[in-house]
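As structure tokens, the structure follows; a few thoughts come after it.
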Amino acid sequence: MTTIRDVARLAGVSISTVSLALNSPKRVGVETLDRIQQAIKSTGYRIDPVAQTLARGRSSLIGFVSANLGNMFFGDIRREIEHQALDHGYFVLIADSSGRAELERALLERMEAQKIAGIALATNGHGAEYAAFLRDFKTPIVMFDQKVEGAARDFVGSDNPLTTTILTEHLLQLGHRRIGFISGPSGLHTADERLKGFMDTMSAAGVDIDPSLVVEGGYTRTGGHAQAMRLLTRRDRPTAIIGANNMMGLAALQVMQEMGFRCPDDVSLAMVDDVPWSNVITPRITMVVQDAQKLGELAAQRLLARIASPEAAAEPPQDFILTPRFVRGESTRRL
């Protein structure tokens, strides 16, 4: 059976250099790395993941836990984290909590039991008890998109109040006053922040907010469809709707088409986040876009740094907040 010693002997390097090349290839010179890779190929050496975990005290896996992998936004973030992880010798174990905090907790505990190296987490949990659970968790965690106050973990996200502030100001400038808002789940970081952005902007403009026009769609297409139907079947329907994420925004557009409304002639529409096929959707939706690639890159870099050294692991947690981008579409018009 071929061992790492055989690879080191053939490549003319130390065992520790081979180990470094396997785990952090970017930290090895190009010529040395090429010799090691040729030696691995010649000897047919295969990494023993069990032995590697025992030697490190952790596996070569990084966990990725999200509430909804069906949302393309999370897919873009996952893809970037995978790229970064592979460059540093780690593979990514992907799990979907389906928006259930109890399942998310079970997934995290199972990953920790498997001695996973670290976890990138878009949490669906919230509250003091869940914050304590995350705070006491032994495995490095970097939270992205969703944040739990008091968890004392690194967080990478967007300026969420700004996302809906931009959209609300845009609609107000077009003369809209009766604006429907389809929110995410109450208590969830992004949902509360985006609702705050909408409410504060309406108040600052001196516009009375009709509470019945603010509805909760659960960040799902099904929930968004139900709430858009509720808003658009009213006699005093809103002149514009904001979807607090892309799934609910698309659902609102679907309801408009099903009911025979023309967007934006009858009802204007704006939403947070893009979708891959948005260029072929008619009308092109006005939106505020988060930089998913940059979010994934920052989350991966911070997690890998936490894993790499005890010094980095002991650093105080930090928040990394990105500014979203406004994209004017054809789904909003002046009253």
Side-chain angles (χ1 to χ4, degrees), residues 19-20 22-24 26-27 47-69 74 77-157 188-189 295-320:
S19 178
L20 186 63
L22 293 171
N23 296 310
S24 301
K26 285 191 171 182
R27 296 173 61 189
I47 298 171
D48 183 343
V50 175
Q52 191 177 54
T53 298
L54 290 171
R56 283 179 169 181
R58 64 175 187 268
S59 75
S60 57
L61 293 174
I62 286 175
F64 178 95
V65 181
S66 165
N68 183 5
L69 288 173
F74 292 113
I77 293 176
R78 173 197 54 76
R79 190 175 302 109
E80 185 60 31
I81 289 176
E82 280 191 299
H83 290 164
Q84 296 277 334
L86 285 170
D87 284 345
H88 289 79
Y90 289 93
F91 294 93
V92 178
L93 178 64
I94 301 165
D96 190 328
S97 69
S98 301
R100 294 160 49 199
E102 68 279 6
L103 176 56
E104 175 183 302
R105 183 167 184 158
L107 290 168
L108 294 175
E109 290 173 339
R110 184 63 180 269
M111 287 182 175
E112 184 172 52
Q114 297 295 320
K115 295 189 178 298
I116 204 157
I119 300 171
L121 171 65
T123 185
N124 209 65
H126 53 87
E129 190 274 335
Y130 205 74
F133 165 70
L134 294 175
R135 191 168 57 245
D136 297 338
F137 205 72
K138 304 302 181 186
T139 303
I141 291 178
V142 170
M143 308 177 77
F144 67 92
D145 188 52
Q146 300 292 354
K147 180 181 181 181
V148 177
E149 294 294 340
R153 296 287 181 173
D154 290 325
F155 172 68
V156 179
L188 206 59
H189 172 75
L295 289 171
E297 179 184 327
L298 287 173
Q301 289 174 352
R302 193 60 185 162
L303 183 58
L304 290 165
R306 290 280 186 187
I307 293 169
S309 71
E311 293 78 16
E315 291 177 2
Q318 298 182 50
D319 286 357
F320 301 85

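Side chains of Met111 and Phe137 form no contact here, defined as non-hydrogen atoms less than 4.5 Å apart.
Of all the heavy atoms in Thr139 and Ile116, the pair that sits closest is CG2-O, 3.5 Å. Between Leu304 and His88, the closest heavy-atom pair is CD1-ND1, 3.5 Å.
Of the listed residues (Asp96, Ile141, Ile119), just one forms a side-chain contact (heavy atoms from CB on, under 4.5 Å) with Val65, and that residue is Ile119.
For His189, the ring-ring contact (aromatic ring centres under 6.0 Å, His included) partners at least two apart in sequence or on another chain are Phe155. Every residue two or more places apart in sequence or in another chain was checked for a side chain to side chain contact (heavy atoms under 4.5 Å, CB included) with Ala305, and none qualifies. With sequence neighbours excluded, the residues that form a side chain to side chain contact (heavy atoms under 4.5 Å, CB included) with Arg110 are Gln114. Residues meeting the side chain to side chain contact (heavy atoms under 4.5 Å, CB included) test with Glu82, sequence neighbours left out: Arg78, Val92, Ile94. Residues passing the salt bridge (charged side-chain N to carboxylate O under 4.0 Å, His left out) test with Arg302 are Asp154, Glu315, sequence neighbours excluded.
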Give every donor-acceptor pair under 3.5 Å between a side-chain atom in residues 99-107 and any protein atom, sequence neighbours left out.
| residue | atom | partner | partner atom | Å |
| --- | --- | --- | --- | --- |
| Arg100 | NE | Glu102 | OE2 | 3.3 |
| Glu104 | OE1 | Thr123 | OG1 | 3.4 |
| Glu104 | OE1 | Asn124 | N | 2.7 |
| Glu104 | OE2 | Thr123 | OG1 | 2.5 |
| Glu104 | OE2 | Tyr130 | OH | 2.6 |
| Arg105 | NH1 | Glu129 | OE2 | 2.8 |

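A distance of 6.5 Å separates CZ in Phe64 from CD1 in Ile77, rounded to the nearest 0.5 Å.
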Next item on the list: Evaluate the criterion side chain to side chain contact (heavy atoms under 4.5 Å, CB included) for residue pair Phe144 and Phe320; output intermediate values, then yes/no.
Entry: CA-CA 9 Å; Phe144 67 92; Phe320 301 85; over 6 Å; no
